[in-house]
Participant: 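Can you keep this structure in mind? I'll have questions shortly.
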Amino acid sequence: MPKSNPNEKSAVSTPSDLSHLYDRGARYVSKAEPDDVVVRDSKSPTSTPRGLWGEAWLDLRKRPLFWASAVIILLVVVVAAFPHLFTSLDPRAGDLAKSEAGPEPGHPFGFTKQGYDVYARTIYGARASVLTGLGVTAFVLLVGVAIGALAGYLGGWIDSLLSRITDVFFAIPLILAGIVLMQLFADRNTFTVIIVLAAFAWPQMARVARAAVIEAKQNDYVMASRSLGQSGMGILLRHVLPNSLAPIIVIATTSLGIYIVAEATLSYLGIGLPPSEVSWGNDISTAQSSLRQSPMILFWPASALALTVLGFIMMGDALSDALDPKERKR
């Protein structure tokens with residue numbers, strides 16, 4: 001066996017021999033910048049996480065669609081609540097000498113066939129239409145959310161029973177039901193229209209509320225509340241229902257515009273609000289006889305109705321995008 005020569009250097013390098021390599025390679029390694037990492041990854045200890053509504057508000061503020069619809073809705077609500085701020089004329093004061101007359105100073109929209117001021121009737125007509133839409137929406141929210149929430153949370157035979165009842169009412173068209181039922185009332189008013197429309201408008205809201213509650217009750221906080229001994233109705237009212245409001249609010253906002261159109265349709269057919277009531281539907285119905293001679297008589301109330309409905313539909317679309325996490329990630 002050959003003997004190793006003690007004078008020969010070992011082939012294995014020691015760490016001290018490689019120190020010059022480390023020093024040489026250090027010139028090619030970028031220096032760490034801990035400050036940048038800290039700035040990007042750090043979070044203020046005083047900041048609080050935003051919830052669904054906080055994130056939705058931040059998203060809504062960046063959407064022109066939201067601001068445009070908000071301006072339209074605010075204008076319509078102010079006009080409906082305070083019409084005297086926009087005109088001092090009486091919408092029921094007619095002058096047959098000015099039948100179908102065109103615009104003149106103080107009367108920018110002209111006159112109807114009965115000599116009514118079109119501008120005054122357009123302003124005052126907002127009250128009946130908006131009041132009907134709000135009344136139907138409130139009733140639908142009360143009944144539809146209650147039925148849908150109970151069906152979705154309790155499940156079982158209660159869910160089956162309430163769902164079948166909902167399907168029966170959902171199969172009846174809203175306008176057709178309104179046409180049939182309004183014939184039963186000799187004295188029609190705003191409250192009558194609200195009750196008739198709401199009686200057949202709640203099924204859609206019930207379906208949406210049921211689906212939202214079924215999804216929300218699967219979360220961990222519901223199980224935690226049950227383990228703490230909280231009652232079923234307490235869990236539904238305190239945890240499940242508040243976390244199911246997003247789709248309900250979206251549908252309610254969009255449906256409000258639909259209910260305004262439904263009231264105008266019934267009034268146009270002569271079975272909604274009485275002719276003595278100032279509303280856009282009544283004015284459109286009256287103006288159809290003068291459509292060829294004076295089309296602007298119909299144009300103004302129809303435009304006010306279309307703009308109002310457009311505002312609520314646009315608001316519903318903006319809320320739908322803002323409250324949907326998938327849409328915010330796009």
Side-chain angles (χ1 to χ4, degrees), residues 63-83 85-87 91 100 102-103 107-113 116-137 140 173-176 178-179 190 193-194 197 201 204 250-273 275 277-321:
R63 294 180 178 270
L65 183 67
F66 166 74
W67 292 110
S69 59
V71 170
I72 295 174
I73 294 174
L74 180 62
L75 178 61
V76 171
V77 171
V78 172
V79 169
F82 309 102
L85 297 179
F86 298 87
T87 180
E100 297 184 355
H107 307 276
F109 294 171
F111 298 87
T112 66
K113 192 171 185 178
Y116 299 134
D117 183 77
V118 177
Y119 175 74
R121 293 187 68 84
T122 302
I123 294 296
Y124 277 87
R127 174 173 293 180
S129 299
V130 172
L131 184 61
T132 301
L134 291 175
V136 175
T137 303
V140 165
L174 179 62
I175 298 298
L176 178 60
I179 292 175
T190 304
V193 177
I194 291 175
L197 292 179
Q204 182 185 17
V250 172
I251 294 298
T253 305
T254 306
S255 299
L256 199 153
I258 297 176
Y259 302 148
I260 293 176
V261 173
E263 177 275 322
T265 303
L266 294 178
S267 298
Y268 174 81
L269 296 175
I271 54 176
L273 297 177
E277 188 76 24
V278 181
S279 70
W280 291 332
N282 284 334
D283 288 347
I284 294 173
S285 178
T286 305
Q288 65 178 340
S289 61
S290 305
L291 181 58
R292 292 188 177 182
Q293 298 83 4
S294 303
M296 300 306 293
I297 298 177
L298 184 143
F299 173 80
W300 294 115
S303 298
L305 175 64
L307 186 64
T308 301
V309 175
L310 178 64
F312 285 105
I313 292 178
M314 290 168 54
M315 178 61 74
D317 291 341
L319 290 174
S320 177
D321 295 340

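Only this structure's heavy atoms are used, side chains among them; waters, hydrogens and symmetry mates stay out.
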Participant: I need the minimum non-hydrogen distance between Ala201 and Val140, along with the two atoms involved.
Facilitator: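 In terms of heavy atoms, the two residues are closest at CB-CG2, 3.7 Å.
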
Participant: Measuring from atom CD1 of Ile175 to atom OG1 of Thr265, what distance do you get when rounded to the nearest 0.5 angstrom?
Facilitator: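 One finds 4.5 Å between CD1 of Ile175 and OG1 of Thr265.
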
Participant: What is the minimum heavy-atom distance between Arg127 and Ala81, and which atoms define it?
Facilitator: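 Taking Arg127 first and Ala81 second, the nearest heavy atoms are NH2-O, 3.4 Å.
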
Participant: Distance check, rounded to the nearest 0.5 Å: Leu174 atom CG versus Ile179 atom CD1?
Facilitator: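 Output value for this atom pair is 10.0 Å.
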
Participant: Are side-chain heavy atoms of Phe109 and Asp117 found at a separation under 4.5 Å?
Facilitator: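 In short, these two side chains do not touch, never coming nearer than 4.5 Å.
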
Participant: Output the distance between atom CZ (Arg63) and atom CG (Asp321), rounded to the nearest 0.5 Å.
Facilitator: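 Between atom CZ of Arg63 and atom CG of Asp321 there are 4.5 Å.
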
Participant: Which atom pair, heavy atoms only, marks the closest approach of Gly316 to Thr254?
Facilitator: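 Where Gly316 meets Thr254 most closely, the heavy atoms are CA-OG1, 3.5 Å.
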
Participant: CD1/Ile251 to CG/Leu256 distance, rounded to the nearest 0.5 angstrom?
Facilitator: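 The CD1 atom of Ile251 sits 12.5 Å away from the CG atom of Leu256.
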
Participant: Please find the pair of heavy atoms, one from Val118 and one from Phe111, that lie closest to each other, and give the distance.
Facilitator: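 Shortest heavy-atom contact: CG2-C, 3.7 Å.
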
Participant: Report yes if the side chains of Trp300 and Arg121 come closer than 4.5 Å at any heavy-atom pair, otherwise no.
Facilitator: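 The answer is no; the side chains never approach within 4.5 Å.
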
Participant: With a 4.5 Å limit on heavy-atom distance, are the side chains of Tyr116 and Val278 in contact?
Facilitator: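 Side chain of Tyr116 against side chain of Val278, heavy atoms only: no contact under 4.5 Å found.
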
Participant: Report yes or no: does Thr308 contribute a side-chain atom to a donor-acceptor pair with the main-chain N or O of Ala304 at less than 3.5 Å?
Facilitator: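 Yes, Thr308 side chain to Ala304 backbone: donor-acceptor pair under 3.5 Å.
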
Participant: Mind checking whether Met315 and Phe66 have side chains closer than 4.5 Å, heavy atoms only?
Facilitator: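 SC-SC contact between Met315 and Phe66 confirmed.
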
Participant: Flag the pair Leu75 / Leu307 as yes when at least one side-chain heavy-atom distance between them is below 4.5 Å, and no otherwise.
Facilitator: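 Answer no - side chains too far apart.
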
Participant: Identify the residue among Thr132, Val136, Ile271 that makes a side chain to side chain contact (heavy atoms under 4.5 Å, CB included) with Val193.
Facilitator: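 So the option named by the test is Thr132.
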
Participant: How far does CD1 of Ile72 sit from CZ of Phe312, to the nearest 0.5 angstrom?
Facilitator: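 Those atoms lie 10.0 Å apart.
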
Participant: Check whether Ser290 reaches the backbone of Gln293 with its side chain - one donor and one acceptor, N or O, closer than 3.5 Å.
Facilitator: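 Here the side-chain-to-backbone pair does not exist.
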
Participant: Judged by atom type as modelled, is there a donor-acceptor pair below 3.5 Å linking the side chain of Trp280 to the main-chain atoms of Thr122?
Facilitator: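 Yes; judged by distance alone, with no hydrogens or angles, the pair exists.
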
Participant: How close do Thr137 and Gly133 get, counting heavy atoms only, and between which atoms?
Facilitator: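 Looking at all heavy atoms of both residues, the closest pair is OG1-O, 2.7 Å.
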
Participant: Does CZ belonging to Phe86 count more than 12 external heavy atoms closer than 6.0 Å?
Facilitator: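 Yes - once you tally the heavy atoms of other residues, nucleotides and ligands closer than 6.0 Å, there are more than 12.
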
Participant: Drop me the distance from Ser255's OG to Ile313's CD1, to the nearest 0.5 angstrom.
Facilitator: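 Between atom OG of Ser255 and atom CD1 of Ile313 there are 9.5 Å.
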
Participant: Give the C-alpha distance, both sets of side-chain angles, the deciding distance and a yes or no for side-chain contact (heavy atoms from CB on, under 4.5 Å) between Thr112 and Thr286.
Facilitator: CA-CA 9 Å; Thr112 66; Thr286 305; 5.8 Å; no

Participant: Which pair of non-hydrogen atoms, one from Glu263 and one from Leu197, has the smallest distance, and what is that distance?
Facilitator: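 Of all heavy-atom pairs spanning Glu263 and Leu197, the closest is N-CD1, 4.1 Å.
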
Participant: Does some side-chain heavy atom of Lys113 sit less than 4.5 Å from a side-chain heavy atom of Ile297?
Facilitator: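 Sidechains of Lys113 and Ile297: no contact.
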
Participant: Is any side-chain heavy atom of Thr87 less than 4.5 Å from a side-chain heavy atom of Tyr124?
Facilitator: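 Yes. Closest side-chain heavy atoms under 4.5 Å.
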
Participant: Are any of the side-chain heavy atoms of Val76 and Val130 separated by less than 4.5 Å?
Facilitator: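 Yes; the side chains approach each other to less than 4.5 Å.
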
Participant: Between Ser267 and Leu273 (side chain of the first, backbone of the second, donor and acceptor by atom type, cut-off under 3.5 Å), is there such a pair?
Facilitator: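 Side chain of Ser267 to backbone of Leu273, a donor-acceptor pair under 3.5 Å: yes, one is there.
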
